[in-house]
*Asks:* 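Take a look at this one; I'll ask things after.
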Amino acid sequence: MKKNKKINSLKDQVPSDSKFTFFENVWDVVRLVPKGRVTSYGAIARYLGAAGSSRMVGWAMNAAHGVRPAVPAQRVVNRNGLLTGKHHFGSPEMMQVLLEKEGVEVKEDKVLRFKELFWDPMQEL
DNA sequence: AGTATGACTCATT
DNA sequence: AAATGAGCCATAC
C-alpha cells in the first residue's frame with residue numbers, strides 16, 4: 001500500500017542498559033534547535049528513530065525541568081504549531097513570552113509562520 | 001499487575 | 001473541515 005510503516009519502536013532504538021538515553025537524546029536535539037526556530041515532538045521522535053512515540057518526547061520535556069544545561073522546551077510545539085505544552089512552564093504565558101523574546105511570533109497559542117520557522121532535525125542534521 | 005493518563009500524530013468518519 | 005478512534009509507550013496509582 002501507500003506506506004510501509006514498520007518503524008522502529010522506542011525499545012528497538014534504545015539499548016536496555018540506559019533508559020535515560022532517549023531523554024538525553026531528545027534534550028540534545030532540542031538544544032540544537034536554533035534560536036528563533038521551532039520544531040515538533042513528532043519530528044524529534046522520528047529523528048531519534050522512534051516515530052509514533054511522539055508522546056515520549058513530551059514526557060522527556062516534562063522531565064527536562066531542572067536539567068542542566070537548560071532545555072529550550074519552548075521551541076518544541078506540536079505539529080500544528082500550537083503551544084500545547086505552555087501549561088507546563090511556570091505560567092501559561094511564559095512559553096509564549098520566551099518564544100517572542102527569541103523572535104518567534106505567537107498568536108493565540110499558535111506559532112506564526114510555523115512552516116518557515118519549522119526546524120526539522122531530519123532535514124537539518 | 002492492570003488501568004488510566006498524557007507537552008502527539010495519523011487515519012478514518 | 002471538525003470530530004473520533006486508534007496507535008504509541010513511559011509513568012502514576
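All figures in this text were calculated on a predicted structure; none of them were measured in a lab. A note on names: the letters A, B, ... follow the listed sequences, proteins ahead of strands, and every chain is numbered from 1.
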*Asks:* Take A:Val77 and A:Thr84 through the side-chain contact (heavy atoms from CB on, under 4.5 Å) test and state the conclusion after the steps.
*Replies:* CA-CA 6 Å; A:Val77 297; A:Thr84 51; 5.9 Å; no
*Asks:* Tell me the interatomic distance from A:Asn25, atom CG, to C:dC9, atom C1', rounded to whole angstroms.
*Replies:* 17 Å
*Asks:* Does A:Arg31 reach the main-chain N or O of A:Pro69 with its side chain, forming a donor-acceptor pair under 3.5 Å?
*Replies:* yes
*Asks:* I'd like to check the ring-ring contact (aromatic ring centres under 6.0 Å, His included) partners of A:Tyr47; sequence neighbours left out, ordered by chain and number.
*Replies:* none
*Asks:* If the C1' atom of B:dA7 is compared with that of C:dA2, how far apart are they to the nearest Å?
*Replies:* 23 Å
*Asks:* Could you state the atom-to-atom distance from CG of A:Asn80 to C1' of C:dA1 in whole Å?
*Replies:* 13 Å
*Asks:* What residues, two or more places apart in sequence or in another chain, satisfy ring-ring contact (aromatic ring centres under 6.0 Å, His included) together with A:Phe89?
*Replies:* none
*Asks:* Please list residues of residues 107-121 of chain A whose heavy atoms come under 4.0 Å from any atom in DNA chain B, ordered by number; otherwise none.
*Replies:* none
*Asks:* Is the backbone N or O of A:Phe23 less than 3.5 Å from a side-chain atom of A:Trp59, with the two atoms forming a donor-acceptor pair by type?
*Replies:* no
*Asks:* Between A:Val106 and A:Leu112, is any pair of side-chain heavy atoms under 4.5 Å apart?
*Replies:* no
*Asks:* Using a 4.0 Å heavy-atom cut-off across all strands, classify A:Ala73 as base, sugar-phosphate, or nothing.
*Replies:* base
*Asks:* The side chain of A:Ser53 lies closest to which of these nucleotides: C:dC8, B:dT9, B:dA7?
*Replies:* C:dC8
*Asks:* Could you state the atom-to-atom distance from CZ of A:Arg75 to C1' of B:dA7 in whole Å?
*Replies:* 17 Å
*Asks:* Indicate yes or no for a side-chain donor-acceptor contact from A:Ser54 to the backbone of A:Ala45 under 3.5 Å, with no hydrogens or angles considered.
*Replies:* no
*Asks:* Please produce a list of atom pairs where a protein N or O lies less than 3.5 Å from an N or O of nucleotides 2-6 of chain B.
*Replies:*
unit_1: B:dG6; atom_1: N7; unit_2: A:Arg55; atom_2: NH1; d: 3.1
unit_1: B:dG6; atom_1: O6; unit_2: A:Arg55; atom_2: NH1; d: 3.1
unit_1: B:dG6; atom_1: N2; unit_2: A:Trp59; atom_2: NE1; d: 2.8
unit_1: B:dG6; atom_1: N3; unit_2: A:Trp59; atom_2: NE1; d: 3.2

*Asks:* One pair to check against side-chain contact (heavy atoms from CB on, under 4.5 Å): A:Met61 and A:His88. What are the steps and the verdict?
*Replies:* CA-CA 9 Å; A:Met61 293 294 102; A:His88 290 264; over 6 Å; no
*Asks:* Using every non-hydrogen atom in the two residues, find where A:Ala43 and A:Phe118 come nearest and quote the distance to one decimal.
*Replies:* CB-CZ, 3.8 Å
*Asks:* Are A:Val67 and A:Trp27 side-chain neighbours, meaning at least one heavy-atom pair lies under 4.5 Å?
*Replies:* yes
*Asks:* Nearest whole angstrom, please: distance from the C1' of B:dT9 to the CG of A:Leu82.
*Replies:* 14 Å
*Asks:* Does any non-hydrogen side-chain atom of A:Ser40 lie less than 4.5 Å from one of A:Val76?
*Replies:* no
*Asks:* Would you mind telling me which of C:dA10, B:dT9, B:dA7 lies closest to the side-chain atoms of A:Phe23?
*Replies:* C:dA10
*Asks:* So what does A:Asn62 touch, heavy atoms closer than 4.0 Å: a base, only the sugar-phosphate, or nothing?
*Replies:* base
*Asks:* Between C1' on B:dC10 and OH on A:Tyr41, what's the gap in Å once rounded to a whole number?
*Replies:* 17 Å
*Asks:* Expressed in angstrom and rounded to an integer, what is the separation of A:Ile44 atom CD1 from B:dT9 atom P?
*Replies:* 10 Å
*Asks:* Do any of residues 89-105 of chain A sit with a heavy atom less than 4.0 Å from DNA chain B, and if so which?
*Replies:* A:Phe89
*Asks:* Please tabulate, one pair per line, all N/O donor-acceptor pairs under 3.5 Å involving side-chain atoms of residues 98-105 of chain A, not counting sequence neighbours.
*Replies:*
unit_1: A:Glu100; atom_1: OE2; unit_2: A:Gln96; atom_2: NE2; d: 3.1
unit_1: A:Glu102; atom_1: OE1; unit_2: A:Arg75; atom_2: NE; d: 2.9
unit_1: A:Glu102; atom_1: OE2; unit_2: A:Gln74; atom_2: NE2; d: 3.1
unit_1: A:Glu102; atom_1: OE2; unit_2: A:Arg75; atom_2: NE; d: 3.4
unit_1: A:Glu102; atom_1: OE2; unit_2: A:Arg75; atom_2: NH2; d: 2.9
unit_1: A:Glu105; atom_1: OE2; unit_2: A:Arg113; atom_2: NE; d: 3.4
unit_1: A:Glu105; atom_1: OE2; unit_2: A:Arg113; atom_2: NH2; d: 2.7

*Asks:* Please tell me which of the listed nucleotides, B:dT9, B:dA7, C:dT11, lies nearest to the side chain of A:Ser40?
*Replies:* B:dT9
